[in-house]
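See structure below.
Counting from 1, the numbers follow the sequence of the chain as shown. Bear in mind that the values here come from a model prediction, so they are computed numbers and not experimental data. What's counted below: heavy atoms across the whole structure, side chains too, no hydrogens, waters or symmetry copies.
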Amino acid sequence: MIAFVSGPVAALAPDAAVVEVGGIGMAVQCSPGTLSGLRVGQQARLATSLVVREDSLTLYGFADDDERQTFELLQTASGVGPRLAQAMLAVHSPDALRRAFAAGDEKALTAVPGIGKKGAQKLLLELKDRLGKPVGSAGPAAAPAAAGWRDQLHAALVGLGYAAREADEAVEAVVPKAEAVAADGGQPQVGQLLRAALQTLNRAR
């Protein structure tokens, strides 16, 4: 079990990072929120979960141990694989998921691509008591995204299964939110913008 990787970031892609560990480049699948906090050439420490399949070994990376543990707990439900678990964490923080399951919030779960109403009901039954109680903390703020937040957000939406046209529309829908952040002297955060974009797509269904 690889519990974490630590080292300089060698490369970034829309859904993965390469972290140099002892002279070896470790490819780590990450959510947009996690990727937005990484910079090429800077040191990073990612909690990881190794998913073993007959034809592949895939390492998934997370900003902290809470995300990693939630990722693994989500997969204890039938029909939830690593991709869907990661999509759930792309839309909701671990504590937001705990609140959703504690409250039986179907709407929060159906905001995740790939989860319909029946799927949400099934997940609520299976996972309600497994994730634990909300801790009441939003966790550490995500690092500011680079100026290319539009491209990062678009790539994240396409990676979650949306058509390019839908991704374009969702990106445009959150432009005012991003501009408001910039007007206050901040930088748009891809993780937050992704959640807002997914909400607009969910309403459009």
Side-chain angles (χ1 to χ4, degrees), residues 3 15 29-37 46-51 53 58 60-142 153 156-163 166-167 169-171 173-174 176-178 181 188-205:
D15 61 352
Q29 299 290 311
C30 301
S31 71
T34 299
L35 290 170
S36 70
L46 297 173
T48 56
S49 178
L50 181 63
V51 176
R53 295 288 184 265
T58 306
Y60 289 84
F62 309 92
D64 54 40
D65 291 334
D66 189 22
E67 278 195 5
R68 192 250 322 268
Q69 183 179 22
T70 303
F71 171 80
E72 293 175 346
L73 285 171
L74 289 171
Q75 291 178 78
T76 63
S78 58
V80 178
R83 285 291 184 182
L84 183 56
Q86 191 176 55
M88 293 171 75
L89 285 166
V91 179
H92 300 295
S93 68
D95 213 43
L97 283 172
R98 286 191 282 266
R99 286 194 296 270
F101 280 101
D105 188 352
E106 288 181 22
K107 188 174 181 181
L109 296 184
T110 56
V112 179
I115 299 181
K117 185 174 182 179
K118 289 184 178 179
Q121 292 171 344
K122 183 179 178 183
L123 287 172
L124 288 171
L125 286 173
E126 290 195 43
L127 293 172
K128 185 173 183 180
D129 299 321
R130 296 187 196 175
L131 295 187
K133 295 180 179 179
V135 297
S137 170
L153 180 57
L157 290 166
V158 172
L160 286 171
Y162 287 101
E166 291 177 308
E169 293 174 355
V171 170
V174 300
K177 182 180 180 71
V181 171
Q189 296 179 358
V190 174
Q192 293 178 359
L193 293 174
L194 177 63
R195 293 185 178 99
L198 287 168
Q199 287 173 1
T200 65
L201 286 165
N202 193 47
R203 286 196 296 267
R205 287 179 180 174

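- In this structure, Glu126 contributes its side chain and Ser78 its backbone to a donor-acceptor pair below 3.5 Å.
- Using a 4.5 Å cut-off on side-chain heavy atoms (C-beta onward), Val51 and Pro82 make contact.
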Would you please test His92 and Val112 for side-chain contact (heavy atoms from CB on, under 4.5 Å) and show each step?
CA-CA 9 Å; His92 300 295; Val112 179; 4.1 Å; yes

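- The OG1 atom of Thr110 sits 10.0 Å away from atom CD of Gln121, with the distance rounded to the nearest 0.5 Å.
- Counting heavy atoms from C-beta on, the side chains of Leu124 and Asp105 never come closer than 4.5 Å.
- Scanning both residues, Leu198 and Ala111, for their nearest heavy atoms gives CB-O, 4.3 Å.
- Distance check, rounded to the nearest 0.5 Å: NZ of Lys122 to NZ of Lys118 gives 11.5 Å.
- Between Leu193 and Val171, every side-chain heavy-atom pair lies at or beyond the 4.5 Å cut-off.
- Of all the heavy atoms in Pro94 and Thr70, the pair that sits closest is CB-OG1, 3.4 Å.
- Note that the CD atom of Gln75 and the CD atom of Gln86 stand 10.0 Å from one another [nearest 0.5 Å].
- Across all their heavy atoms, Ala197 and Val174 have their closest contact at N-CG1, 3.6 Å.
- Under the rule for a side-chain hydrogen bond (donor to acceptor under 3.5 Å, both in side chains), the partners of Asp66 that lie at least two apart in sequence or sit in another chain are Arg98.
- Atom CD of Gln69 has 12 or fewer neighbouring heavy atoms from other residues, nucleotides or ligands inside a 6.0 Å radius.
- Residue Cys30 holds its SG atom at 8.0 Å from CZ of Phe62, rounded to the nearest 0.5 Å.
- The distance from the OH atom of Tyr60 to the CG atom of Asp15 is 9.5 Å, given to the nearest 0.5 Å.
- Residues Leu74 and Leu131 are in side-chain contact: their nearest non-hydrogen atoms beyond the backbone lie under 4.5 Å apart.
- Partner of Ser49 under the side chain to side chain donor-acceptor pair (under 3.5 Å) criterion, out of Arg68, Gln29, Glu72: Glu72 alone.
- With values rounded to the nearest 0.5 angstrom, Thr34 atom OG1 is found 4.5 Å from Glu67 atom CD.
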Start with the C-alpha distance between Val91 and Leu97, add both sets of side-chain angles, then the distance that settles side-chain contact (heavy atoms from CB on, under 4.5 Å), and finish with yes or no.
CA-CA 9 Å; Val91 179; Leu97 283 172; over 6 Å; no

